[in-house]
There are 2 protein chains.
Amino acid sequence: MEEYLKIIKSLSERTRIRILALLNQAQEVCVSEIVDTLEESQYKVSRHLKVLQEAGLVVGSKKGRWIYYQLNNNQVHFQDQILKAINYISSDILHKDLERLKTRLAKRVNNQCISGKTENYSESYQ
Amino acid sequence: MEEYLKIIKSLSERTRIRILALLNQAQEVCVSEIVDTLEESQYKVSRHLKVLQEAGLVVGSKKGRWIYYQLNNNQVHFQDQILKAINYISSDILHKDLERLKTRLAKRVNNQCISGKTENYSESYQ
DNA sequence: ACAACATATGCGTTTATTTGCATATATTTT
DNA sequence: AAAATATATGCAAATAAACGCATATGTTGT
């Protein structure tokens with residue numbers, strides 16, 4: 001029961017839902033790209049990613065100085081079903097996130113996250 | 001988003017999961033039957049039922065002095081998918097709940113919840 | 001009308017979660 | 001080696017949930 005509860009609890013927070021919805025749209029996204037997409041602080045994103053990782057819903061793989069996160073596809077029924085449910089969420093904020101995600105990913109070079117501040121970056125800290 | 005979050009949050013608590021799992025097994029169950037099944041206090045069960053009701057996952061219908069609760073079948077994709085996920089939870093505590101539920105429901109007369117304390121009742125308050 | 005019963009709720013306390021800041025660790029570039 | 005960048009984390013403060021008790025509301029049977 002505890003394990004299931006951990007997974008469900010990991011879903012019950014706004015930022016984490018946004019992260020999952022985002023990862024549903026792109027294969028591998030690194031932390032700074034998520035930060036720019038959500039327009040949230042780096043430590044906030046980092047914390048929430050950790051919660052999702054501990055629940056086993058996402059996995060991160062380090063490549064150089066970046067850590068790319070993606071949905072953990074190695075799941076059983078329960079997790080699978082839960083993630084499917086997330087797909088049915090339709091919300092203005094998620095649509096806007098998706099727009100910003102596209103913009104941010106378009107800046108990649110050789111399909112790698114770019115270094116340094118992007119134009120959006122400073123906006124993230126309004 | 002808020003509405004989805006409310007639903008997800010309503011799932012992220014042990015007692016509420018137990019209630020949903022229980023209602024997945026029986027059509028209409030009244031509060032005292034749930035109390036005996038979960039071996040939790042009446043006010044605790046009552047509170048949690050309210051949270052589930054506010055999230056729209058369960059509905060209660062009053063019949064005389066009893067209120068029978070059941071899953072809200074009048075759902076859209078998201079809720080439906082979420083409730084399906086709950087069905088995949090396999091846990092010792094849920095199995096035991098199911099045993100006690102059977103015992104308790106067997107005491108019904110004319111398929112109606114019985115009045116007064118049952119043998120189990122006092123145990124509920126150990 | 002009264003007693004017994006079924007369920008809900010107000011409120012203060014406890015417990016859990018999230019936030020923000022500062023800072024740590026690790027990697028890359030110069 | 002120093003500077004810049006990417007990500008993570010310890011800790012205290014703020015916020016949110018859950019709990020327990022007592023009690024309220026409504027129903028039924030006598």
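This is a predicted model, so every value here is computed, not measured. Every chain is numbered from 1 and lettered A, B, ... according to where its sequence line falls, protein lines coming before strand lines. Side-chain atoms are counted along with the backbone in the values below, which use heavy atoms only and exclude waters and symmetry mates.
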ask   = Are A:S32 and D:dT7 close enough that a side-chain N or O sits under 4.0 Å from OP1 or OP2?
value = yes

key: Any side-chain heavy-atom pair of A:Q79 and A:N74 under 4.5 Å   = no

query = Going by heavy atoms in the side chains, are B:K63 and B:E28 under 4.5 Å from each other?
reply = yes

inquiry  = Taking the side chain as everything from C-beta on, heavy atoms only, tell me whether B:K6 gets closer than 4.5 Å to B:K9.
reply    = no

inquiry  = Less than 4.0 angstrom between a side-chain N/O of A:Y43 and OP1 or OP2 of C:dT19, yes or no?
reply    = no

ask   = Hey, is the side chain of A:K50 poking within less than 4.0 Å of OP1 or OP2 on D:dT9, counting only N and O atoms?
value = yes

task = Would you classify B:Y69 as touching base, sugar-phosphate or nothing, given that sugar-phosphate means primed atoms plus P, OP1 and OP2, and contacts are heavy atoms under 4.0 Å?
result = sugar-phosphate

message = It should be established whether A:K9 places a side-chain nitrogen or oxygen under 4.0 Å from OP1 or OP2 of nucleotide C:dT17.
response = yes

query = Parallel, tilted or perpendicular for A:F78 and A:Y4, by the 30°/60° rule?
reply = perpendicular

ask   = Which part of the nucleic acid, if any, lies within contact of A:C113, taking any heavy atom under 4.0 Å across all strands shown: a base, the sugar-phosphate backbone alone, or nothing?
value = nothing

key: Of the listed nucleotides C:dT7, D:dA17, D:dT5, the one nearest the side chain of B:I67   = C:dT7

inquiry  = Under 4.0 Å, heavy atoms only, any strand: does A:R16 hit a base, just the sugar-phosphate, or nothing?
reply    = sugar-phosphate

key: A:H48 side chain near C:dT19 phosphate (N/O to OP1/OP2, under 4.0 Å)   = yes

query = Can you check the B:K63 NZ to C:dT7 P distance for me, whole Å?
reply = 13 Å

